[in-house]
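Contents: one structure, followed by commentary.
The first residue of the sequence shown is numbered 1, and numbering continues consecutively from there.
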Amino acid sequence: MSVTEAAADHLLDVRGLSVAFTRKGRRDVRAVDGVSFTVDAGQTMGLVGESGSGKSVTSLAVMGLLPKRGVRVGGEVHFDGDDLLTLPPERMRDIRGRDIAMVFQDPMSSLNPVVPIGIQVTEVLHRHQDLRGDAARTAATESLARVGIPDPTRRLKEYPHQLSGGMRQRALIAMALACRPRLLIADEPTTALDVTIQAQILELLKELVRDSGAALVMITHDLGVIAGLCDTVHVMYGGRVVESAGRRELFAEPHHPYTGGLLASVPRLDAPRGAPLHPIPGSPTDLLPWSEGCAFAPRCPNRVEPCTENPPALESAGGRELRCYNPLVAAEEVPA
């Protein structure tokens with residue numbers, strides 16, 4: 001089977017994606033380093049990791065939204081058989097918004113503050129469905145109603161500052177879903193929202209994926225979001241995937257010390273009163289270059305000598321991928 005035929009088996013097939021930020025007279029900063037994953041129609045896939053792990057840069061590279069200057073992108077991103085990284089800008093603009101859409105992290109900075117919501121929602125309908133006038137306004141109203149915004153006809157005339165944080169996020173989702181894309185990328189869609197609104201947004205995304213059969217890529221650092229939404233999970237650290245598994249397998253038995261640390265640092269309702277949390281020591285900036293060893297080694301309690309000598313390879317076994325020399329043996333050994 002050829003590479004193109006294999007890529008066509010998945011809706012999205014990312015292979016060896018790398019993104020480096022370049023600056024004259026400075027060493028390149030590699031934000032994404034050889035990331036590979038696949039997403040099928042109707043599947044919800046999670047990318048999880050701390051800030052700076054490369055999650056958002058990965059999504060921007062897939063969408064073709066990284067700047068042209070000072071950025072070097074490599075690898076392959078196949079969508080429905082086409083490599084998005086090699087498509088001309090005109091063709092990519094046809095796909096973006098129509099077949100692939102993205103919900104950005106901060107609705108206040110993603111929406112134009114001086115343009116009414118209605119114009120921003122109908123813009124994508126003008127571009128991809130050639131709807132104008134009453135037809136565009138009707139479709140925009142239906143999009144806002146679909147995501148649960150009350151009185152959508154009136155909201156079309158309002159500006160972003162007149163909407164609450166949850167409603168602004170719903171408006172962003174309405175814009176992303178206006179053309180019923182086949183792939184939706186959600187980058188921290190519940191950031192800065194209170195817990196009740198977070199639950200509503202997640203339930204909305206779950207329903208939309210189920211009803212439309214679209215694929216969803218959820219990017220977040222919140223493991224609670226991952227636990228309630230995703231089918232498969234890819235854990236990123238230092239620009240690379242360090243562990244991949246099904247949601248249930250990952251939460252029941254994390255193998256990578258970083259995954260175990262993320263789970264152990266989350267408060268649990270079944271823990272005794274006053275039980276201490278177990279944060280991961282250090283910060284994401286305390287990393288070793290992958291060319292010299294495991295990036296997580298400076299913070300890893302399971303560090304052994306090979307970790308600082310050779311970069312571990314991503315190996316597959318039992319339906320799981322793991323990049324570690326000294327993995328956790330069982331879930332019971334992870335502090336809870």
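Across all their heavy atoms, L84 and V62 have their closest contact at CD1-O, 3.5 Å. Between P189 and V103, the shortest heavy-atom contact is CB-CG1, 4.4 Å. Contact record, A176 with L184: CB-CD1, 3.8 Å, taken as the closest heavy-atom pair. Considering every non-hydrogen atom in both R23 and D28, the closest pair reads N-OD1, 4.5 Å. Considering all non-hydrogen atoms of both residues, C324 and P327 come closest at SG-N, 3.5 Å. Scanning all heavy atoms of the two residues, the minimum distance from L177 to R146 falls at O-NH1, 3.6 Å.
To the nearest 0.5 Å, atom OG1 of residue T259 and atom CD of residue E243 are 4.0 Å apart. T122 OG1 to L131 CG: the interatomic distance, rounded to the nearest 0.5 Å, is 9.5 Å. Between atom CD1 of residue I226 and atom CG of residue L202 there is a gap of 10.0 Å, rounded to the nearest 0.5 Å. Here CG of D80 is found 8.5 Å from CD1 of I95. Values are rounded to the nearest 0.5 Å. Remark: R168 CZ to I149 CD1 distance equals 11.5 Å, nearest 0.5 Å. Atoms CE and CE, from M175 and M102 in turn, are 13.0 Å apart once rounded to the nearest 0.5 Å.
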Check the pair L277, S265 against side chain to side chain contact (heavy atoms under 4.5 Å, CB included), reporting the backbone distance first and the verdict last.
CA-CA 6 Å; L277 297 178; S265 63; 5.8 Å; no

Might you work through the side chain to side chain contact (heavy atoms under 4.5 Å, CB included) test for I201 and R170, ending with a clear yes or no?
CA-CA 7 Å; I201 294 296; R170 287 173 184 267; 3.7 Å; yes

Could you go through E309 and Y325, starting from their C-alpha distance and side-chain angles, then the distance that decides it, and tell me whether this counts as side chain to side chain contact (heavy atoms under 4.5 Å, CB included)?
CA-CA 11 Å; E309 296 177 350; Y325 287 118; over 6 Å; no

Yes or no on side chain to side chain contact (heavy atoms under 4.5 Å, CB included) for F37 and L12, after CA distance, side-chain angles and deciding distance?
CA-CA 8 Å; F37 58 83; L12 180 69; 4.0 Å; yes

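For the side-chain hydrogen bond (donor to acceptor under 3.5 Å, both in side chains) with H221, the qualifying choice from E188, K55, E50 is E188, the only one to do so. Evaluated for a side chain to side chain contact (heavy atoms under 4.5 Å, CB included) with I185, the options T58, I219, L47, L216 yield exactly one hit, I219.
In this model, no donor atom of one side chain and acceptor atom of the other lie less than 3.5 Å apart for H78 and D83.
More than 12 heavy-atom neighbours from other residues, nucleotides or ligands sit within 6.0 angstrom of CZ on R127. Other residues, nucleotides and ligands place no more than 12 heavy atoms under 6.0 Å from the CD atom of E305. More than 12 heavy atoms of other residues, nucleotides or ligands shown are found within 6.0 angstrom of CZ on R154.
Considering only heavy atoms from C-beta on, I117 comes within 4.5 Å of P160 through its side chain. Side chains of L163 and L111 form no contact here, defined as non-hydrogen atoms less than 4.5 Å apart. Side-chain contact between T232 and M45 is present, with at least one heavy-atom pair separated by less than 4.5 Å. Inter-residue side-chain proximity for D40 and H10 is flagged as met; some heavy-atom pair is nearer than 4.5 Å.
T196 is linked by a side chain to side chain contact (heavy atoms under 4.5 Å, CB included) to D194, Q200, counting only residues two or more places apart in sequence or in another chain.
In this pair, Y237 and F296 present their aromatic rings perpendicular. The plane angle is above 60°, beyond the 30 to 60° band. Using a 30° and 60° split on the angle between ring planes, Y159 and H161 fall in the parallel class, below 30°.
Residue M92 is grouped with residue V14 when hydrophobic side chains (ILVMFWY) are merged at heavy-atom distances under 4.5 angstrom, including chains of intermediate members. By the rule that hydrophobic residues join a cluster once side-chain heavy atoms approach within less than 4.5 Å of another member, L314 and L288 end up as members of separate clusters. Residues L125 and L144 fall into different hydrophobic clusters, defined by Ile, Leu, Val, Met, Phe, Trp and Tyr side chains chained together at heavy-atom separations under 4.5 Å. One hydrophobic cluster, built from ILVMFWY side chains closer than 4.5 Å, holds both F104 and L183. Cluster membership check: V266 shares its hydrophobic cluster with L263, using side-chain heavy-atom separations under 4.5 Å among Ile, Leu, Val, Met, Phe, Trp and Tyr.
Side-chain atoms of R303 come within 3.5 Å of backbone N or O of A297 as a donor-acceptor pair. In this structure a side-chain-to-backbone donor-acceptor pair under 3.5 Å is missing from S18 to G34. The backbone N or O of P281 lies less than 3.5 Å from a partner atom in the side chain of R299, making a donor-acceptor pair. Side chain of R98 to backbone of C179: no donor-acceptor contact under 3.5 angstrom is found. Panel note: side chain D231, backbone T44; a donor-acceptor pair is recorded below 3.5 Å. Q120 contributes a side-chain N or O that, together with a main-chain N or O of V115, makes up a donor-acceptor pair within less than 3.5 Å. R96 places a side-chain N or O within 3.5 Å of a backbone atom of M63 that can act as its donor or acceptor partner. Checked by atom type and distance alone, the side chain of W290 never pairs as donor or acceptor with a backbone atom of P311 at under 3.5 Å.
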